[in-house]
Each structure stands twice: as C-alpha cells, then as structure tokens.
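To start, the structure under review is shown below, and the notes come after it.
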Amino acid sequence: MNEERLVTQITPKSEDFSRWYVDLIRRAELADYAPMKGMMVIRPYGYAIWENIQRLLDRRIKASGHVNAYFPVFIPESFLRKEMEHLKGFAPEVAWVTHGGEDELEERLAVRPTSEAIIGHMYSRWIQSWRDLPVLINQWANVVRWEKVTRPFLRTTEFLWQEGHTAHETFEEAQEETLRVLEMYREFVETELAIPVIYGRKTDREKFAGAEATYAIEALMSDGKALQMGTSHNLGQHFARVFDIKFEDRNQKLQYVWQTSWGVSTRMIGALVMSHGDDSGLVFPPQVAPIQVIIVPISIGNWKESVLPVARKLKDSLQQAGYRVHLDDRAEYTPGWKFSEWEMRGVPLRLEIGPRDVKNNQVIAVRRDNKEKIALEMSGLEVRIGEMLTAIQKALFDRALAFQKENTREVESYEEFKRTIEEKRGFIRARWCGREECEAKVKEETMATIRVIPLNQDNLPSGRCVCCGQEATTLAYFARAY
RNA sequence: CGGGGAGUGGCGCAGCCUGGUUAGCGCGCCUGCCUUGGGAGCAGGAGGUCGUCGGUUCAAAUCCGAUCUCCCCGACCA
C-alpha cells in the first residue's frame, strides 16, 4: 500500500506544500477555521501542544527569575500614540473598540496588538527606586493584529503568546537580558521542539516598532522558507521616556529605566508541522506531542478477552510511569486503519499488541520518524519506551539540523545569489555592506530578506557585499520568509 | 491591499455555459451481520433552505448585483 493511498484526504507535501499544510492541520484536528476572516479555533489536539509548550517554556521563564502577571486586553488609544514609531508600526493592524454597550466611548480602546504601552504605564507607577529593579514580568495572553493575509498558526488575526516585559537599571543589563532570553528561546526550541535555529540581530528595517534593537531566532521550514520563531527586543529608553518610567539610581540621580520585551507565539505549532511533517502526516517530537505513545490492540478472534486486558494494563503502567499514552480500543476500526490514522496525527511511538505478542510477553514498537519496527520485552518496558522517545527526539533534531546545513549556502556572486534563492530557497550566508539600499534591492529583486545578522562576527572573512560589491561590514543570513 | 481561483449533506467533488420532475456521486456517519497483524465486505438508513442578502423570471444551484469566507501569487507583519 503506497503512502498516497493511506492518506487520501491530504495533498502530498511534495505536490503542494501550502495545501499539504492546511489539509493536515484540519484533518489532524489541530485547528479549524472560524467563520470570521483570519480567525481559527485551536482544537483540543492542537491546544494540547500549546499546553506542553507553555509548561516547558514557563518553567524556563521562571527559572531565570521572571514572574507571571496579567494586564488588560484593552489599551487606550492615547497610550499607543505616545511612542510614535510603535504606533506607526502597529496602526494598520489594530482592532478598535468604539462602543461600550450602546454608548460610544470618549476614547477608543485598542485590542492589544502587544502590551508595551499598557505595561509601560503601569511600570511608571510601580518603579521609583533602583531597589525596585529589575522588574521581570511575563504574561501569557492573546493579542489581535488585523493581518491582511492569514494562515492557520503562522499568521492569524488573534493569536496566543507569551510576552516578557522587563525594566533594568542600565543599558548593559537590559542588553544582557535581551540576549539571555534569546538564548533561552534557542535552547527551548532546539531541545523541546527539535527545531534547529539560527539567531542574531535584525536589521533596522526588520526590527520591532519602537525597539532599539531586535534579536530573533529563525528556523528553516522543510520547503526552504524561513520562519521567525521568536523575538527579543532591547527597547532602550524609548518607552521609558514616553511613559515616564523613572527611578532614582544608586547615585541619587533620576533616570529612565532600560527595558526589554520578548515573545513567542502559537506560530510555534505551525513550525512543528512544517519542520517535521511528511507525506504520511504530522511528526511530533515526543517532548511536546499531545500523545507520546499510542497503543493499538490487534483485534483478532477473542481479542477483547485475550488482548484488551493486557493492553489496558500496559496503558496504566505507562501512564503511571509518566508518559502521555492513549489506548485505541475502538472495535469499529481495523488495526491497519488505526496505524495510518495515528501516523497522520504524528504520535511518535506506536505499540502494537496482539495475541501473538501476549503469548510471547512482548509488544511491537514502531517509530513514527523512521517506521522502524522492533519487538520489546514486556519487562522493563517503561525504561525502553523512555529511551526510544529520547532517541526519536534526537533523530528529529538531527534530521532537521542536517536539512538546515544542506540548505545553508554561501554564494560567490549576486547572480548566484538570485539563482540559489529562486531554485533552492534555504538560507544564504553572505556578506553585506550594511546599507539599507542593498537590503531593499535584494528584497525587491529576489523576495529574500535578511533574516538575522549573526552575533559573532569575529571570523568575518574580508570581502565585498553580495549585492553592491562595496566593502562588506557584516555577515548576514538571507532567505525568503513566511 | 492588488492579481487569480473557489464556496453545493461532515470531507472531496459533479451539475451551472444552454434556468424547468424528487439536486447527484465517492468517502465519512448511523444500524445490523461478518471481519480485523498496514486504511476489509455485504445489507439497510440518516443527513442539503446549493455561503449570505437582494434582483430578473411563471420558474434560479444555474442568469445579474452586492456581501462574507477560504485558497494561490505578489506588496505589509509573531
């Protein structure tokens, strides 16, 4: 039976990546379209991934000294207006509340596109002394951005995210925080999502509206396009000045705080789909998979008496051991159907148990990532399962890393740059003169943008800008992006 | 926001050009039997105001207008 026939309702990935992506999301019940433009419902199977992401990331956020809080979803228009760059950046995509019940509001309220403004306002009331610093607050929230083009998880009108907002005594401290968070994101995404990233600073053109500097992690999706997976901003004193966030420093001088903000969103779920998925469907890394182990009893003869009780015991013991495990005991589907179904849903490990296995005191384990099938002794199974899940997690990362390396290229000329972007996509590592004209020209002519400027430029080989041929000042990663 | 494509039982589609019985097909769903080690089979059954609103007409899924939504390709963004 070939792969295409197994998943008839999903467009093959190789045939049409975009359709494959949306087909899969709906068929696997990660999300469904809501009846309003650009909005989606995150269904239980998709939301479970978000809960895992929250749990694993929240742990890191707290371990690095941050605490959670919650700020209002509405922001007065005048607040947004205080930082003009910020307003200009977000104005086109802000949703406005104009009425409360029947009454028109005196001042429009923005549905937050991000929370710097409201949080800045509150910080100005909470911070008086250097003893109040740093303030290290994070919130898990929803935000709304009225995007023109939307795609499930990648860009939706409303999305879920976490946004960290910190205030510090010095620029250096804020910069340290910005980079510490960037590193936290990198480690989180690579460890838990098994997605290798590149990271660095954004160009001025690409930086956050109102930031001094923006840093980002970027990943390469399996169609060769880049996806920004998280950002960390050094806000300098821009917001502090307009929201009047002042403190008396150690020298009894009044000065503005130095701030950062940073976030990752439900876009990560889209990244998981596009990084690891294949023609058979989703492939989830065990660390965030809603179901890590699916048990399929082989329904033959008197399986309900002979196999099912053993399968139930197996499920209980694995659950006890801390795994997210599900037993598919439905009688109305054949084992073959279930195999395909759970592969499509991306469950990392399948355990088959039939009369033969019961007799031999074993189960058949099948890995989702490489379809490898092995028999496992019942005794000591909990440990073996753990080892296999670890191996799958690593294999997914290694595979994605190999893909990223294969698709990160250096080019000799602008002609080669253009041809590579057009034919192969992927990242291009190239020298750049640092001028915005070249950045704009490249974008205009190739649709590729500078994704990041690597932090470490020490080993910058001398050379010329890939675009204009002038002396290069930095190394940059270019790609077409989502 | 520009260019292109599309909305018909849950999903995928046909019918529309050339208006006219009761709107079809495949998958899925329900009931029963029989099956089940890689998406089984047979029989019976349920489910539709044809995206929405308006217009033309004796008559609209079909023609006209508006509107909403989705997909693809570009300009803007987590």
Side-chain angles (χ1 to χ4, degrees), chain A residues 1-11 16-23 26-27 29 32-40 88-94 113-114 142-163 185 202 205-209 214 216-219 227-233 261-271 280-281 296-304 307 330-344 350 352-358 363-364 366 371 373 375 443-444 447 449 480-482:
Chain A
M1 181 89 37
N2 66 30
E3 306 267 300
E4 282 77 7
R5 285 191 57 199
L6 291 178
V7 281
T8 48
Q9 294 179 49
I10 298 166
T11 309
D16 184 338
F17 193 84
S18 296
R19 272 202 74 164
W20 167 82
Y21 177 78
V22 294
D23 283 356
R26 299 188 71 193
R27 179 71 180 80
E29 299 180 348
D32 200 1
Y33 291 111
M36 304 81 74
K37 182 177 165 52
M39 301 202 173
M40 66 169 182
K88 269 194 285 180
F90 283 102
E93 51 192 49
V94 170
T114 179
N142 60 335
V143 288
V144 168
R145 298 182 186 175
W146 220 263
E147 301 283 357
K148 289 174 177 145
V149 178
T150 57
R151 291 178 122 221
F153 292 114
L154 299 184
R155 187 173 300 109
T156 46
T157 302
E158 179 187 12
F159 58 93
L160 305 182
W161 75 349
Q162 70 48 230
E163 46 178 328
Y185 284 160
K202 286 286 182 181
R205 202 184 145 89
E206 303 272 331
K207 79 179 181 193
F208 176 73
T214 289
I217 54 171
E218 296 261 341
L227 183 72
Q228 179 170 305
M229 291 192 64
T231 49
S232 184
H233 315 289
S261 71
W262 29 275
V264 300
S265 71
T266 36
R267 170 178 275 192
M268 298 230 158
I269 297 170
S280 302
V296 179
I298 304 303
S299 38
I300 291 178
N302 67 337
W303 68 282
K304 285 189 178 167
V307 175
R330 293 176 290 182
E332 60 270 30
Y333 294 105
T334 63
W337 188 92
K338 291 176 186 172
F339 297 165
S340 305
E341 182 69 11
W342 292 108
E343 278 169 10
M344 189 272 294
R350 176 174 78 239
E352 304 173 13
I353 179 162
R356 245 167 18 216
D357 306 307
V358 171
V363 295
I364 305 296
V366 186
K371 313 265 171 111
K373 203 178 255 211
K443 184 173 182 184
E444 169 81 18
M447 297 191 312
T449 49
R480 284 190 190 170
Y482 276 97

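Below, read A as the first sequence line, B as the second, and so on, with proteins coming before strands; counting in each chain starts at 1. The figures that follow rest on heavy atoms only: side chains count, while hydrogens, waters and symmetry mates do not.
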Sort me out a list of protein N/O and nucleotides 67-71 of chain B N/O pairs below 3.5 Å, or just none if empty.
residue : atom : partner : partner atom : Å
B:rU69  : OP1  : A:Lys37 : N            : 3.4
B:rC70  : OP1  : A:Gly38 : N            : 2.5
B:rC70  : O3'  : A:Tyr33 : OH           : 3.1
B:rC71  : OP1  : A:Tyr33 : OH           : 2.5

Fill in: Distance in angstrom units between A:Arg26 CZ and B:rG28 C1', rounded
15 Å

Nucleotides 29-31 of chain B: which of its N/O atoms have a protein N/O under 3.5 Å away?
residue : atom : partner  : partner atom : Å
B:rC29  : OP1  : A:Tyr333 : OH           : 2.6

With the criterion being N/O to N/O and under 3.5 Å, what pairs connect the protein with nucleotides 43-47 of chain B, and how long is each?
none

Worksheet item: When rounded to the nearest Å, what value does the distance between C1' atoms of B:rC30 and B:rU67 take?
Response: 37 Å

Fill in: Interatomic distance, A:Thr150 atom OG1 to A:Met39 atom CE [nearest 0.5 angstrom]
9.5 Å

Worksheet item: Just how far, in rounded Å, is P of B:rC1 from CH2 of A:Trp146?
Response: 12 Å

Worksheet item: Rounded to the Å, how far apart are A:Lys371 NZ and B:rG38 P?
Response: 14 Å

Discussion item. Which residues pass the ring-ring contact (aromatic ring centres under 6.0 Å, His included) test with A:Phe17, not counting sequence neighbours?
Written reply: A:Trp20

Fill in: Set of residues satisfying ring-ring contact (aromatic ring centres under 6.0 Å, His included) with respect to A:Phe153, sequence neighbours excluded
none

Worksheet item: Residues in side-chain hydrogen bond (donor to acceptor under 3.5 Å, both in side chains) with A:Thr156, at least two apart?
Response: none

Restricting to nitrogen or oxygen on both sides, can you table the protein-nucleotides 75-77 of chain B pairs closer than 3.5 Å?
residue : atom : partner  : partner atom : Å
B:rC76  : OP2  : A:Lys443 : NZ           : 3.1
B:rC77  : O2'  : A:Glu147 : OE2          : 3.2
B:rC77  : O2   : A:Arg155 : NE           : 2.3
B:rC77  : O2   : A:Arg155 : NH2          : 2.9
B:rC77  : N3   : A:Arg155 : NE           : 3.4
B:rC77  : N3   : A:Arg155 : NH2          : 2.4

Discussion item. Tell me the interatomic distance from A:Arg27, atom CZ, to B:rC11, atom P, rounded to whole angstroms.
Written reply: 13 Å

Discussion item. Only Watson-Crick and G-U wobble pairs with both distances less than 3.5 Å should count. Give RNA chain B in dot-bracket notation, marking inter-strand partners with |.
Written reply: ((((((((.[[[[.)....(...]]]].(((((.......))))).....[[[[[..)....]]]]])))))))....

Practice prompt. Kindly say whether, by distance alone, the side chain of A:Thr334 makes a donor-acceptor pair under 3.5 Å with the base of B:rU36?
Written response: no

Discussion item. Is it true that, when you exclude A:Arg19 itself, more than 12 heavy atoms of the residues, nucleotides or ligands shown sit nearer than 6.0 Å to its CZ?
Written reply: no

Item to complete: Using the closest heavy atom to pick a nucleotide of RNA chain B for each, name whichever of A:Val366 or A:Arg480 lands nearer the 5' end.
Response: A:Val366

Practice prompt. Measure the distance from CD1 on A:Ile269 to P on B:rA78 and round it to the nearest whole Å.
Written response: 18 Å

Practice prompt. Kindly write out the residues that satisfy salt bridge (charged side-chain N to carboxylate O under 4.0 Å, His left out) with A:Asp32, not counting sequence neighbours, or none if the list is empty.
Written response: A:Arg26

Worksheet item: For the pair made of CG in A:Asp23 and P in B:rG28, what is the distance, rounded to whole Å?
Response: 18 Å

Fill in: Polar side-chain contact A:Arg350-B:rG38 base: donor and acceptor under 3.5 Å
yes

Discussion item. Going by side-chain hydrogen bond (donor to acceptor under 3.5 Å, both in side chains), name the residues that satisfy it together with A:Trp146, two or more places apart in sequence or in a different chain.
Written reply: none

Discussion item. I need the CZ-P distance between A:Arg356 and B:rG37, as an integer number of Å.
Written reply: 11 Å

Worksheet item: What about A:Glu341, does its side chain sit under 3.5 Å from the base of B:rG38 through a donor-acceptor pair?
Response: no

Worksheet item: Who passes salt bridge (charged side-chain N to carboxylate O under 4.0 Å, His left out) against A:Arg356, sequence neighbours left out?
Response: none

Worksheet item: Is there ring stacking between A:Trp161 and B:rA78, where the centres must be under 5.5 angstrom apart and the planes under 30 degrees?
Response: no

Worksheet entry | Rounded distance (Å) that lies between atom C1' of B:rA78 and atom CD of A:Gln162 | 11 Å

Worksheet, complete the sentence: Sequence neighbours excluded, the answer for ring-ring contact (aromatic ring centres under 6.0 Å, His included) partners of A:Phe339 is none

